[in-house]
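Take a look at the structure below.
Scope of the values below: all heavy atoms of this structure, side chains included, with no hydrogens, waters or symmetry mates. Numbers for residues simply follow the sequence, beginning at 1.
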Amino acid sequence: MSAREKSGDTSGNRITEKITGNAPDGAVQMTSDVPKEMKAGRFVRQPNRFTGRITADGPGPYPAEAGRYRLLVSYACPWAHRSMIVRRLLGLEDVITLGVVDPLRDERGWRFPEPDPVTGASFLSELYLATDPGFTGKRYTVPCVWDTTTGRLVTNDFPNITTMFETEFGAFHGPDAPDLYPEKLRPEIDELNEVVYTDVNNGVYKAGLATQQDAYEEAVDALFTTLDGLEERLADRRYLVGNRLTEADVRLYPTLARFDAVYHGHFKCDLRRLIDYPNLWGYARDLYSRPAFGGTTDFDQIKRHYYMTHKFINPSGIVPKGPVLDWMAPHDRARLGPA
């Protein structure tokens, strides 16, 4: 995980060459109140409370075992979305069970439609408080991983959950599972992920939740500068790094999937739409056409969550009918490399 992704740092200029590749080298819980994670009109994401790690063979209380751990997610949340994509790509559905919360949320936080059959919880907060009774006054976030053996949350550290699945559960990967985090590409993946997290994944939140004009414009400008660079990068390559599917693609996709449906209007990221970027739009459709991506993308839950939960932004709670987008339209990306 990058330093910026760990800390939520919003400072520093992006280096366009790192984005284009041409150089040599949990949604915020809100009622009608202004979000708590604000500094001088800027949204600063809270640190992740639980940072335990499941390991394949090292010391520690959490060994990689089939059937022991439960991934808790929301289909609406982009951070949780990436963990569902990786779980499915690696064939871990029978190894790590899945619990899904309702997309709508109130001051009590994420809730299960019915008591979770594995943990018995009705609200995600119950699991946080069972692990740390002093965890109060903060957001209870997804994704997180519950250990059924110890009855504790192992981690809600979303950047490391996917790489943990990729590196520590190798013995349980399916026979056709891709290597999403190959060692020789990790420096490039990590470097690109840092920029994408700061300016795109978290950048849409910094724009949409800003309460000062300068904070909003700063975030929007950085967002679209980075999207412009990614559009150029994808002009002659099918994927972001190494012309193969990697963790970098997994991290960018959830934001692209939500962009025109939510972030363009709801978060005022409106300089351009995803469909105004031919390469990014084709790239997003290419990924969507694969079951691990399209099969975990629920536009209804995404739209209901943002428009009905963020009363600070949308007091009426009305959910727009559009946009009407053909995510299954031919993408012509196969000419750039193998799937």
Side-chain angles (χ1 to χ4, degrees), residues 16-25 78 81-95 159 161-197 200-201 226-260 274-297 325-339:
T16 302
E17 289 85 354
K18 292 181 181 179
I19 306 164
T20 63
N22 295 327
D25 40 32
H81 193 177
R82 57 167 73 168
S83 65
M84 288 189 285
I85 291 170
V86 168
R87 174 178 173 269
R88 189 158 178 178
L89 281 171
L90 299 181
L92 295 174
E93 296 99 320
D94 294 331
V95 176
I161 289 176
T162 50
T163 56
M164 184 173 67
F165 289 171
E166 292 155 5
T167 60
E168 304 300 330
F169 281 84
F172 304 99
H173 289 179
D176 299 320
D179 185 356
L180 296 172
Y181 200 45
E183 285 198 40
K184 68 177 182 179
L185 294 179
R186 287 180 192 177
E188 186 178 359
I189 292 171
D190 292 345
E191 182 177 47
L192 184 61
N193 283 347
E194 180 176 359
V195 177
V196 168
Y197 170 79
V200 181
N201 301 149
T226 302
L227 288 177
D228 291 349
L230 292 169
E231 171 73 3
E232 182 180 346
R233 185 184 185 97
L234 289 167
D236 59 359
R237 62 180 78 187
R238 191 166 187 176
Y239 304 105
L240 290 172
V241 177
N243 207 26
R244 58 185 290 178
L245 185 68
T246 70
E247 174 76 8
D249 303 296
V250 170
R251 295 196 182 197
L252 178 59
Y253 172 81
T255 302
L256 299 183
R258 289 157 177 75
F259 202 88
D260 287 8
L274 173 62
I275 63 173
D276 296 324
Y277 288 103
N279 298 325
L280 276 168
W281 176 221
Y283 164 82
R285 299 199 313 278
D286 184 8
L287 296 179
Y288 179 84
S289 69
R290 305 160 196 227
F293 291 85
T296 56
T297 304
L325 302 176
D326 186 359
W327 278 86
M328 295 304 295
H331 52 72
D332 194 32
R333 298 288 295 174
R335 60 186 170 80
L336 298 174

Can you check whether [X] reaches [Y] side chain to side chain, under 4.5 Å on heavy atoms?
X    : Y    : value
Y277 : D228 : yes
R290 : R88  : no
R244 : P178 : no
H331 : Y283 : no
D190 : Y181 : yes
F172 : D94  : no
L240 : T246 : no
T167 : R186 : yes

How far does [atom1] of [X] sit from [atom2] of [Y], to the nearest 0.5 angstrom?
X    : Y    : atom1 : atom2 : value
D176 : L90  : CG    : CG    : 11.5 Å
T226 : Y197 : OG1   : OH    : 14.0 Å
L325 : F259 : CG    : CZ    : 12.5 Å
N201 : R82  : CG    : CZ    : 5.5 Å
I189 : D249 : CD1   : CG    : 8.5 Å
F293 : I85  : CZ    : CD1   : 5.0 Å

Query - Matching residue for N279 among R233, E231, E232, R237 - test: side-chain hydrogen bond (donor to acceptor under 3.5 Å, both in side chains) - result: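 Output: one option passes, namely E231.
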
Heavy-atom donor-acceptor pair, [X] side chain to [Y] backbone, under 3.5 Å:
X    : Y    : answer
N243 : R238 : yes
R251 : N193 : no
R87  : E93  : yes

Taking all atoms of both residues into account, what is the closest heavy-atom pair of [X] and [Y], and its distance?
X    : Y    : value
P254 : P78  : CB-O, 3.6 Å
A177 : H173 : CB-CB, 3.8 Å
L274 : L256 : CD2-O, 3.4 Å
L234 : L336 : O-CD1, 4.0 Å
A257 : W327 : CA-CH2, 3.8 Å
V196 : L252 : CG1-CD1, 4.0 Å

Query raised in the report: Taking atom CG of D326 as the centre, does the number of heavy atoms from other residues, nucleotides or ligands within less than 6.0 Å exceed 12?
Result: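 Result for CG/D326: enclosed.
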
Query raised in the report: Will you find, in the side chains of T297 and Y253, an N or O donor that is under 3.5 Å from an N or O acceptor?
Result: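 The answer is yes; a qualifying pair exists.
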
Query raised in the report: Do E247 and T162 have side-chain atoms, one donor and one acceptor, less than 3.5 Å apart?
Result: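 Short answer, yes.
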
Query raised in the report: What class does the angle between the rings of F169 and F165 fall in, given that below 30° is parallel, 30 to 60° is tilted and above 60° is perpendicular?
Result: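 F169 and F165: perpendicular rings.
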
